[in-house]
Each structure stands twice: as structure tokens, then as C-alpha cells.
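Single-structure report; data block below.
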Amino acid sequence: MNNRTNEGLSLLGNKSTKYPDNYAPEVLETFENKHRDNDYFVKFNCPEFTSLCPITGQPDFACIYISYVPDVKMVESKSLKLYLYSFRNHGDFHEDCVNIIMKDLIRLMDPKYIEVWGKFTPRGGISIDPYCNYGRPDTIWEKVAFDRLSHHDMYPEKIDNR
């Protein structure tokens with residue numbers, strides 16, 4: 001995975017972007033967090049996520065929500081877009097996809113806190129909405145992760161077939 005400063009980003013502004021045709025965590029890039037003096041959330045909403053069912057090969061569609069509290073490094077959004085696109089031909093269960101995304105982003109950035117929530121469209125009359133999170137061990141963020149996980153989805157939204 002590329003860990004670069006603002007000056008070394010290779011994808012942002014690149015007019016000849018190559019879209020990966022399979023799972024590609026190596027496309028992820030970072031830049032420096034210029035506001036390390038305060039904690040804040042960064043949230044990405046990715047409403048066009050697709051992957052493949054590992055059994056049937058049928059496409060699965062989801063909105064993926066990624067929220068994190070950065071430390072030193074932040075993920076560059078175009079590289080994140082290409083990374084998420086790389087799941088398009090990747091076969092994995094919904095639960096695996098969200099955990100893989102979270103773990104790749106932890107390896108990339110070492111955030112204080114991160115959560116990934118996938119809201120998949122129904123197939124066969126049921127939707128699956130896996131949620132995972134992580135808080136840096138031995139910090140307040142570890143407690144935040146436990147609290148958010150243990151209270152997650154206490155009041156689920158009304159579903160209108162998405």
C-alpha cells in the first residue's frame with residue numbers, strides 16, 4: 001500500500017486512471033492529517049458498491065458507510081473509490097466485504113477509530129447489513145468501539161425495499 005504525502009499522490013488529478021479488475025488494496029493512498037491537534041470524524045458514503053456472491057456469482061449491491069477518526073494518516077478519496085471499485089468482480093459474503101475493507105484501512109492508516117457499515121439491497125427477500133468497528137487498543141477509542149458496537153442499530157430504520 002502506498003503511504004505518500006500530499007505531494008506524492010499519484011491518483012488524484014490523474015487523467016488516465018486505470019480501474020482495477022479485481023480486489024486491489026495496493027491502490028490505496030494516504031496523506032498527512034493536518035489537524036492532529038483535535039479529534040474529528042471523516043465519513044465516506046459509497047452508494048454504488050458492488051461485489052459478487054461467492055457461491056452464485058450474482059452481483060450484490062450496497063451502500064457502504066466508512067467513518068473514522070484519523071491519527072497521522074488519512075485515506076485519499078480517489079484511491080478509496082478505486083479500491084471499493086475493485087470489489088466489483090470479487091466474490092465474498094457481505095460480512096467478509098465490510099471486515100476486509102475495515103482491516104485494509106486499519107493497516108493503511110492506523111486510525112484511532114474506524115467503523116464500516118454495509119447496507120446491502122435485498123436478494124431473495126432479505127437484506128443483510130453487516131457492521132464492524134475498531135478502536136485503538138488501550139485508548140479511549142477502544143471503549144468507544146465497544147459502546148458503539150453494543151448499541152449499534154438499537155433503533156433500525158424503516159426499510160422500504162431500499
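Counting begins at 1 with the first residue of the sequence. Side chains are part of it too, since the values below use all heavy atoms of this structure and drop only hydrogens, waters and symmetry mates.
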Original post:
Distance from Ile114 atom CD1 to Lys103 atom NZ, nearest 0.5 Å?
Top reply: 12.5 Å
Subject >> Cluster overlap Val72 with Met74, hydrophobic side-chain contacts below 4.5 Å >> reply: no
Subject >> Residue list, side chain to side chain contact (heavy atoms under 4.5 Å, CB included) with Asp39, at least two apart or on another chain >> reply: Val69, Lys112, Trp141
Original post:
So, Ser79 side chain and Leu28 main chain: donor-acceptor pair closer than 3.5 Å or not?
Top reply: no
Original post:
How far does CE of Met109 sit from NZ of Lys73, to the nearest 0.5 angstrom?
Top reply: 10.0 Å
Original post:
From Glu95 CD over to Asp129 CG, what is the distance, rounded to the nearest 0.5 angstrom?
Top reply: 10.0 Å
**OP:** Taking the side chain as every heavy atom from C-beta outward, state whether Asp104 and Tyr83 have any atom pair closer than 4.5 Å.
**Re:** yes
Under 3.5 Å donor-acceptor pairs involving side-chain atoms of residues 61-68, not counting sequence neighbours:
unit_1: Tyr68; atom_1: OH; unit_2: Val75; atom_2: N; d: 3.2

**OP:** Apply ring-ring contact (aromatic ring centres under 6.0 Å, His included) to Tyr19 and list each qualifying residue two or more places apart in sequence or on a separate chain.
**Re:** Tyr85
Subject >> Residue pairs, two or more places apart or on separate chains, that pass salt bridge (charged side-chain N to carboxylate O under 4.0 Å, His left out) and touch residues 133-146 >> reply: Asp71-Arg136, Asp110-Arg136, Lys143-Asp147
Subject >> Side chains of Leu80 and Leu105 in contact at under 4.5 Å (non-hydrogen atoms) >> reply: yes
Subject >> Donor-acceptor pair, side chain of Glu32 and main chain of Lys34, under 3.5 angstrom >> reply: no
Under 3.5 Å donor-acceptor pairs involving side-chain atoms of residues 40-59, not counting sequence neighbours:
unit_1: Tyr40; atom_1: OH; unit_2: Asn33; atom_2: OD1; d: 2.6
unit_1: Thr56; atom_1: OG1; unit_2: Gln58; atom_2: N; d: 3.1
unit_1: Gln58; atom_1: OE1; unit_2: Arg123; atom_2: NH1; d: 2.6

Original post:
Rounded to the nearest 0.5 Å, what separation is found between the OH atom of Tyr131 and the CE atom of Met102?
Top reply: 9.5 Å
Subject >> Shared hydrophobic cluster for Val98 and Phe146 (ILVMFWY, side-chain gaps under 4.5 Å) >> reply: no
Subject >> Residues that Ala145 engages under side chain to side chain contact (heavy atoms under 4.5 Å, CB included), provided they are two or more places apart >> reply: Tyr113, Asn133
Original post:
Can you list the steps and then say if Tyr134 with Asn99 is a side-chain hydrogen bond (donor to acceptor under 3.5 Å, both in side chains)?
Top reply: CA-CA 10 Å; Tyr134 159 89; Asn99 277 281; over 6 Å; no
**OP:** Answer yes or no: is there an ion pair linking Glu115 with Arg148, defined by an N-O contact shorter than 4.0 Å?
**Re:** yes
**OP:** Please tell me if the side chains of Phe93 and Ile128 come closer than 4.5 Å, counting only heavy atoms from C-beta onward.
**Re:** no
Subject >> Non-hydrogen side-chain atoms of Asp60 and Thr121 separated by less than 4.5 Å >> reply: no
**OP:** For Asp92, check side chain to side chain contact (heavy atoms under 4.5 Å, CB included) against everything at least two apart and list the hits.
**Re:** His90, Asp96, Cys97, Ile100
**OP:** Without swapping roles, check the side chain of Ser86 against the backbone of Ala24 for a donor-acceptor pair under 3.5 Å.
**Re:** yes
Subject >> Lys119 side chain reached by Trp117 side chain, heavy atoms, under 4.5 Å >> reply: yes
